[in-house]
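Here's the structure we're looking at; comments come further down.
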Amino acid sequence: GPGVAQEANAAFARGAAVVPLMRTAGASAGMFDFPKLALEKPCFATEEQWSLLKRKDAPLDESAAAAVAVVKAACAGESSEARPVNEEVIRLRRVFGRDACIVCILGGASFHGAESEELVKELASRLESASGPKVKFLTGGMAGVQETFAKHCGDGSRV
């Protein structure tokens, strides 16, 4: 809801790549003043991948695979020198390492779409297994999307 949109706006304003799962509706689909530019396909995503993040009728596993590919592409192109650096980024880099790709998981305290919870579980599993050891996942510890992601992201050591 509004909290997710607020977090996405803050992340986007700091230069973070935001990958919304638009098919889940709510903030990720543009509600609650979600950053409009974050809903546009970034240069590191293909048209097909972006479409799979939007389409509610797309097979769940295909949407999850597309999200993983987009996140991996965003991490591959990440450079700490190319993004604004503030105190929080410096603190996180001290914790996770200078070369870490930090993926922040945003989402509401409840699931609204019929397949949203399964999509988060699938995405957590796929991202954990497809990402190298330098990828770290960050949540705010909220119930719902963030807790579900953390519980299904391997052994939890990278969350």
Side-chain angles (χ1 to χ4, degrees), residues 1-29 32 34-35 38-39 42 44-45 49-50 52-53 60-80 82-159:
V4 172
Q6 184 178 8
E7 291 171 340
N9 271 297
F12 197 71
R14 289 185 177 108
V18 174
V19 181
L21 298 178
M22 297 160 281
R23 70 176 277 159
T24 63
S28 295
F32 310 110
F34 194 87
L39 297 171
F44 50 82
Q49 290 165 339
W50 206 247
L52 288 167
L53 298 182
L60 190 89
D61 63 324
E62 290 182 25
S63 289
V68 168
V70 172
V71 169
K72 284 180 69 175
C75 286
E78 183 176 275
S79 164
S80 58
R83 299 192 187 261
V85 177
N86 62 29
E87 289 180 34
E88 283 303 305
V89 172
I90 293 168
R91 186 180 68 76
L92 289 170
R93 296 247 182 246
R94 281 190 197 125
V95 171
F96 295 125
R98 180 171 166 72
D99 296 347
C101 175
I102 302 166
V103 178
C104 184
I105 305 301
L106 305 177
S110 59
F111 294 96
H112 300 288
E115 294 181 325
S116 294
E117 186 172 2
E118 286 306 312
L119 179 59
V120 170
K121 290 176 182 179
E122 182 75 17
L123 181 57
S125 175
R126 285 177 180 241
L127 269 174
E128 197 280 331
S129 64
S131 303
K134 291 186 180 186
V135 177
K136 309 296 182 188
F137 304 99
L138 181 69
T139 76
M142 286 179 43
V145 171
Q146 296 176 19
E147 180 180 37
T148 300
F149 184 93
K151 285 182 177 179
H152 292 88
C153 188
D155 65 4
S157 63
R158 297 191 319 172
V159 179

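Just so it is clear, the values below take in all heavy atoms, side chains as well, and ignore hydrogens, waters and symmetry mates. Since this is a predicted model, take the numbers as computed values, not measurements.
More than 12 heavy atoms of other residues, nucleotides or ligands shown are found within 6.0 angstrom of NZ on K121.
Taking all atoms of both residues into account, the shortest heavy-atom contact from N9 to P35 is OD1-CB, 3.5 Å. Closest approach of A74 and F44 over heavy atoms only: CB-CE1, 3.6 Å. Contact record, T148 with G144: OG1-O, 2.8 Å, taken as the closest heavy-atom pair. Annotation for V4 and G107: closest pair CG2-C, 3.3 Å, computed over non-hydrogen atoms. Contact record, E7 with L106: OE1-CD2, 3.3 Å, taken as the closest heavy-atom pair. The shortest non-hydrogen separation linking V18 to A11 is CG2-CB, 4.5 Å.
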For L39 and M22, run side chain to side chain contact (heavy atoms under 4.5 Å, CB included): C-alpha distance rounded to whole Å, both residues' side-chain angles, the deciding distance at 0.1 Å, then the answer.
CA-CA 8 Å; L39 297 171; M22 297 160 281; 4.0 Å; yes
Steps toward side chain to side chain contact (heavy atoms under 4.5 Å, CB included) verdict (R23, L60)
CA-CA 10 Å; R23 70 176 277 159; L60 190 89; 4.3 Å; yes
Please lay out, stage by stage, how V135 and K72 fare under the test side chain to side chain contact (heavy atoms under 4.5 Å, CB included).
CA-CA 9 Å; V135 177; K72 284 180 69 175; over 6 Å; no
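Atom-to-atom distance recorded for E128:CD and H152:NE2 is 12.5 Å, nearest 0.5 angstrom. In this structure, CZ in F149 is found 9.0 Å from OG1 in T139, a value given to the nearest 0.5 Å. To the nearest 0.5 angstrom, E122 atom CD is 10.5 Å from S63 atom OG.
Under the 3.5 Å distance criterion, the side-chain polar atoms of Q146 are matched with a main-chain donor or acceptor of M142.
Among residues two or more places apart in sequence or in another chain, the side chain to side chain contact (heavy atoms under 4.5 Å, CB included) test is passed with A5 by A27, F32, F34. Partners of T24 under the side chain to side chain contact (heavy atoms under 4.5 Å, CB included) rule, at least two apart in sequence or in another chain, are L21, S28, S116, L119.
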